2 protein chains.
Amino acid sequence: MRVKEVAALSGVSVRTLHHYDEIGLLKPAVTTEAGYRIYSDGNLSELQQILYYRAIGFSLKQIKEILRNPSFNRLEALESQRQMLHRKRTQLDDMIKTIERTIKEGKGEVTMSHEERFKGFDFSGNPYEQEAKDRWGEEIVDETTKKMNQFGSENQEKMNEIYRRLAEVRHLPADSEEAQATIGEWYQFLNTIGTYSLDAFAGLGEMYMADERFKTNIDQFGQGLACFMRDAMKEFTQTKN
Amino acid sequence: MRVKEVAALSGVSVRTLHHYDEIGLLKPAVTTEAGYRIYSDGNLSELQQILYYRAIGFSLKQIKEILRNPSFNRLEALESQRQMLHRKRTQLDDMIKTIERTIKEGKGEVTMSHEERFKGFDFSGNPYEQEAKDRWGEEIVDETTKKMNQFGSENQEKMNEIYRRLAEVRHLPADSEEAQATIGEWYQFLNTIGTYSLDAFAGLGEMYMADERFKTNIDQFGQGLACFMRDAMKEFTQTKN
DNA sequence: TGTAAGGCCTGACGTAACGTAAGAGTCAAC
DNA sequence: GTTGACTCTTACGTTACGTCAGGCCTTACA
């Protein structure tokens, strides 16, 4: 199946298919000698999954990361996407309720507070972070916190030292040698106080941004440190996988 | 109310409020000597309306045009937006149904055609054009068509001549003198065969893009002519208003 | 009154995800 | 072989902000 047919079927443009090929998001099964892209049935399933993530609000980069994760499980992902769509549906319901109330307000039937006026308009939630929260959840936060609370002063100092070193390199790219070396030490340190798979390590990194407690604590060592660590941990995981 | 408070209330960023001020979409009621933006209650109502159009899929430019139209009626707009949100919800429901069916497919419970796989993913509808269709609808199409069917050959030739002239200038900007002069003739011509207000004229221009029959007919005189005429008619209307 | 912290401004560069267009090669039907 | 539709690559442009820097403004408290 060539680009025009796929475009007509799926609702995306030919340009979009080119773009997704270029960025490595959706590679066609076959590319002919003439350069024509031939898409398989598997490609169509993949495209469907991509379009769902896109519709939910994931960036293409994030989508690519999810699909390339060795532990990616299609059925699990579909279930997760279904839940996320329901959340969108709930938000849309809120918006409809708010506009209906606004229409009533306009007719003088009700009054509205400022808060009511914008109910349904909170788009600040980042679905990628929300997904991490759903997946790793409170458990990893509590478990890590509990372990850290059991620290002796030697580990506490060690932890703070790594934070400080990370804060110092946070102006570097997250994939630089220095950043990766230091984040490697963080990974090892965490595995002296617990057992973290690479996936869990990356998940924890996402929680640094998704969970306000983590973020606030870490950013005390330097502005944007939580964000930097999240990126470096993700990079570390992808390099080791 | 200053930017931080408005941002927290509405869910948009401070940068967004700056941007909307810059482009003239949402001007604060007061700007202090220090340059501080002070938003009024009326500004909040306006922002709500903007955010609804944005959520539905209108570009900021389109939103600005709608809000600035002298015949803009707030209650009517809210009702129209409510309907558009219902359409979005229907589409979201389709997507949810499709993903549920995909999950079943993944478990081997059902099979799926290619068409079924992408049901719900048709985002090609342009809400602005759809709005024009809703507003001016079949009526204006049929009325204009009927009138043109009653032409003598003199009017028919006159109409074709204007189309040809427009096709010749379509490479120019829609707001250029030449384009506007020719589109002015089109406006006059239409008003010899019927009565078109400026709003209706602009609405007809939108229908040239929204209704496939119009588009196909007009584009026979030159590729992209319908699009050009739509733009020029809109510009003509805004200049005269 | 002075101070400090938080808030706000403008200017400006960068980003993501394509849309559009041009020029040229490929494919399929007649 | 021809023609029209399809496809390619290249490359520039668009929209709607996000991010950041440097500096001014406001408010609460000592």
Side-chain angles (χ1 to χ4, degrees), chain A residues 1-28 30-39 47 50-51 53-65 121 123-124 126-128 170-171 173 209 219 222-224 227-228 231, chain B residues 1-28 30-39 47 50-51 53-65 123-124 126-128 170-171 173 209 222-224 227-228 231:
Chain A
M1 209 183 285
R2 292 193 307 219
V3 285
K4 186 170 179 185
E5 197 175 350
V6 175
L9 252 187
S10 63
V12 300
S13 66
V14 168
R15 178 74 185 97
T16 300
L17 292 171
H18 286 181
H19 183 61
Y20 289 179
D21 184 7
E22 279 157 27
I23 65 173
L25 180 58
L26 181 65
K27 289 282 181 190
V30 173
T31 308
T32 68
E33 255 194 44
Y36 279 35
R37 297 166 173 82
I38 312 294
Y39 293 89
L47 178 58
I50 288 163
L51 295 185
Y53 278 121
R54 188 180 76 163
I56 288 159
F58 287 72
S59 72
L60 299 185
K61 189 182 171 200
Q62 289 168 337
I63 297 171
K64 190 175 164 189
E65 283 165 5
F121 280 103
F123 299 113
S124 58
N126 175 333
Y128 197 56
R170 76 188 192 281
H171 59 282
M209 291 302 289
D219 279 351
Q223 192 183 31
C227 186
F228 173 76
D231 293 342
Chain B
M1 208 182 283
R2 294 194 308 220
V3 285
K4 187 170 180 183
E5 198 175 350
V6 175
L9 251 186
S10 62
V12 300
S13 67
V14 169
R15 178 75 185 93
T16 301
L17 292 170
H18 287 181
H19 183 61
Y20 290 177
D21 184 8
E22 279 157 28
I23 66 174
L25 179 59
L26 180 66
K27 289 282 180 187
V30 172
T31 307
T32 69
E33 256 195 44
Y36 281 33
R37 296 168 174 82
I38 311 295
Y39 293 90
L47 179 57
I50 289 163
L51 294 185
Y53 278 120
R54 189 180 75 166
I56 289 160
F58 287 73
S59 72
L60 298 185
K61 188 183 172 198
Q62 289 168 339
I63 296 170
K64 191 176 164 188
E65 283 165 4
F123 298 112
S124 57
N126 176 332
Y128 197 55
R170 75 188 192 281
H171 60 282
M209 292 300 292
Q223 192 181 29
C227 185
F228 172 76
D231 292 344

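Just so it is clear, the values below take in all heavy atoms, side chains as well, and ignore hydrogens, waters and symmetry mates. Order of the sequence lines sets the chain letters (A, B, ...), proteins ahead of strands, with each chain counted from 1. All values derive from a computational prediction rather than experimental measurement.
Among residues two or more places apart in sequence or in another chain, the side chain to side chain contact (heavy atoms under 4.5 Å, CB included) test is passed with Val30(B) by Ile38(B). For Glu22(B), the salt bridge (charged side-chain N to carboxylate O under 4.0 Å, His left out) criterion is met by Arg15(B), not counting sequence neighbours. Take Tyr53(A) and apply the ring-ring contact (aromatic ring centres under 6.0 Å, His included) test, not counting sequence neighbours, and it matches Phe58(A). Shown here are the side chain to side chain contact (heavy atoms under 4.5 Å, CB included) partners of Ala8(A), two or more places apart in sequence or in another chain: there are none. The salt bridge (charged side-chain N to carboxylate O under 4.0 Å, His left out) test applied to Lys27(B) returns Asp21(B), not counting sequence neighbours. For Gln62(A), the side-chain hydrogen bond (donor to acceptor under 3.5 Å, both in side chains) partners two or more places apart in sequence, or in a different chain, are Ser59(A). Residues that satisfy the side-chain hydrogen bond (donor to acceptor under 3.5 Å, both in side chains) test with Thr32(A), not counting sequence neighbours, are absent from this structure. The side-chain hydrogen bond (donor to acceptor under 3.5 Å, both in side chains) check on His19(A) picks up nothing, with sequence neighbours excluded.
In this structure, CG in Leu25(A) is found 10.5 Å from CG in Leu17(A), a value given to the nearest 0.5 Å. Considering OH of Tyr20(A) and CG of Leu26(A), their distance stands at 9.0 Å, rounded to 0.5 Å.
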Find every protein N or O atom lying less than 3.5 Å from an N or O atom of nucleotides 26-30 of chain C, and list the pairs.
{"unit_1": "dT26(C)", "atom_1": "O2", "unit_2": "Tyr36(A)", "atom_2": "OH", "d": "3.4"}

Using the 3.5 Å cut-off, write out each protein N or O paired with an N or O of nucleotides 14-17 of chain C and the distance between them.
{"unit_1": "dA17(C)", "atom_1": "OP1", "unit_2": "Leu60(A)", "atom_2": "N", "d": "2.7"}

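Put simply, NE2 on His18(B) is 4 Å from P on dC9(C), counting in whole angstrom units.
Extent of DNA chain D lying under 4.0 Å from chain A heavy atoms, first and last nucleotide in 5' to 3' order, is dC6(D) to dA11(D).
Ser13(B) approaches Ala7(B) most closely through the heavy-atom pair C-CB, 4.2 Å.
A side-chain donor-acceptor contact under 3.5 Å links Ser10(B) to the backbone of Val6(B).
Helix bend of the helix from dT1(C)-dA30(D) to dC30(C)-dG1(D): the angle between its two end axes, each built from five pairs, comes to 20° after rounding to 10°.
Side-chain contact between Lys61(B) and Ile23(B) is absent, with no heavy-atom pair separated by less than 4.5 Å.
Nearer the 5' end of DNA chain D, as judged by each residue's closest nucleotide, is the contact made by Arg15(A), out of Arg15(A) and Ser13(B).
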